[in-house]
Number of protein chains: 2
Amino acid sequence: MTITEAAGEGLVRIGQVARDAGVSVRAVRYYEQQGLLTAERSPSGQRLYRQDAVPLVRFFQQMYAAGLTSRRIAELLPCWDSGHTDAEQRAMLRAERDRIQAKVDDLQTALDRLDEVIRTTDTHP
Amino acid sequence: MTITEAAGEGLVRIGQVARDAGVSVRAVRYYEQQGLLTAERSPSGQRLYRQDAVPLVRFFQQMYAAGLTSRRIAELLPCWDSGHTDAEQRAMLRAERDRIQAKVDDLQTALDRLDEVIRTTDTHP
DNA sequence: CTTGCCTCTGACGTCAACGTCAGGTTTTAG
DNA sequence: CTAAAACCTGACGTTGACGTCAGAGGCAAG
């Protein structure tokens, strides 16, 4: 039995998390530094993550892609963890939602313009 | 009659372009530096833009918002200016279109997740 | 034992679209 | 004429999410 196995059944090291979530090891350490992710430590100091770290990292990636900062994600994490929110958090949630919606609309407009050009250039080779 | 007026009827200075397009003066100079925008010069060296610089700058902003770089926009500008495109340009156009479409889908997914949380937290105050 | 991969902690580097400051010229308003 | 705006050319600073390198340990396998 390896030390990693002895440390706990559901615990994985950082490389495993990174591979499973499709990000770099550096990124996972960065998330911890930003207060998004916590990990136990093995006696030798290596990070040990629970399995739910993987979907969590995937979720971070989604939020980053949506334009949220680490800080904002950290502020809104309690909404997921506890399901409880105060007025300020609800306001932030709605603000982010509106911002993303506006971004979607902008992207759709840009997409339409590109499609228009593509059609034009396809009929005028 | 001011010098600007004497320089030509349809020509405006950089501040006017920036205000009308809703960007900073610095941004307009930056676009020129990136090869996106050209301007005549008054005898004293001030930039003089034609009116169509304003919608052009707005267009740049849209493309930036869609995630295109200055370099990419510069590469694709001939598609607008001349309506003519080679195979490489058409490939880039489609690649950008697909990238934007994927981004829209990602944002929509993120939006759905946020909405879900908002509904949950609204019913569980 | 030792080879080779994984992990650790710092700390500096990157990239893109500007912001900002310095120091000087130009144009406009009164 | 004069003071205030507006403009000019550099050139360094900013921000965020990492990349990358250095140097030092940790761990499974042969």
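Chain letters run A, B, ... following the sequence lines, proteins first, then strands; residues in each count from 1. This is a predicted model, so every value here is computed, not measured.
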Below 3.5 Å between N/O atoms, which protein atoms pair up with nucleotides 3-9 of chain C? Just atom names and distances, please.
residue	atom	partner	partner atom	Å
C:dT7	OP1	A:G15	N	2.7
C:dC8	OP1	A:R47	N	2.8
C:dC8	OP1	A:R47	NH1	2.9
C:dC8	OP2	A:R29	NE	3.1
C:dC8	OP2	A:R29	NH2	3.1
C:dC8	OP2	A:R47	NH1	3.4
C:dC8	O5'	A:R47	NH1	3.3
C:dT9	OP1	A:R41	NH1	3.1
C:dT9	OP1	A:R41	NH2	3.2
C:dT9	OP2	A:R47	NH1	2.9
C:dT9	OP2	A:R47	NH2	2.7

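- In terms of heavy atoms, A:L93 sits closest to A:C79 at CD1-SG, 4.1 Å.
- Rounded to an integer number of Å, the gap from CD of B:E32 to C1' of D:dT9 is 12 Å.
- Aromatic ring pairs are classed by plane angle as parallel below 30°, tilted from 30° to 60° and perpendicular above 60°; the pair A:F60 and A:Y31 is perpendicular.
- Between A:R72 atom CZ and D:dA17 atom P there is a gap of 12 Å when expressed in whole angstrom units.
- Rounded to whole angstrom, the span from the CD1 atom of A:I73 across to the C1' atom of D:dG16 amounts to 11 Å.
- Contact annotation: A:Y30 does not reach the phosphate of D:dG16 (side-chain N/O to OP1 or OP2, under 4.0 Å).
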**Message:** Could you go through B:Y64 and B:T69, starting from their C-alpha distance and side-chain angles, then the distance that decides it, and tell me whether this counts as side-chain hydrogen bond (donor to acceptor under 3.5 Å, both in side chains)?
**Reply:** CA-CA 6 Å; B:Y64 284 134; B:T69 65; over 6 Å; no

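- The residue B:L68 sits close only to the backbone: its heavy atoms come under 4.0 Å of sugar-phosphate atoms, none of a base.
- In this structure, B:R71 places its CZ atom where only 12 or fewer heavy-atom neighbours from other residues, nucleotides or ligands lie under 6.0 Å away.
- Nearest nucleotide to the side chain of B:S42, out of C:dA17, C:dT20, C:dT27: C:dT27.
- Distances shorter than 4.0 Å separate none of the side-chain N or O atoms of A:S70 from OP1 or OP2 on D:dG16.
- Distance B:R71 CZ to C:dA17 P: 12 Å, rounded to the nearest Å.
- More than 12 heavy atoms of other residues, nucleotides or ligands sit less than 6.0 Å from atom CZ of A:R97.
- The residue A:Q33 sits apart from the nucleic acid: no heavy atom pair falls under 4.0 Å.
- Checking A:E40, A:E32, A:R13 one by one against A:R47, the side chain to side chain contact (heavy atoms under 4.5 Å, CB included) holds for a single residue, A:E32.
- Rounded to whole Å, atom P of D:dC18 lies 9 Å from atom CZ of A:R26.
- For the pair B:Y31 and C:dA17, the criterion of a side-chain N or O lying under 4.0 Å from OP1 or OP2 is not met.
- Without hydrogens or angle criteria, A:R90 side chain to A:T85 main chain gives a donor-acceptor distance under 3.5 Å.
- Contact annotation for A:F60: no contact, since no heavy-atom pair falls under 4.0 Å across all strands.
- Distances were taken from every side-chain heavy atom of A:Q61 (C-beta onward) to each of D:dC18, C:dC18, C:dA17; the shortest belongs to D:dC18.
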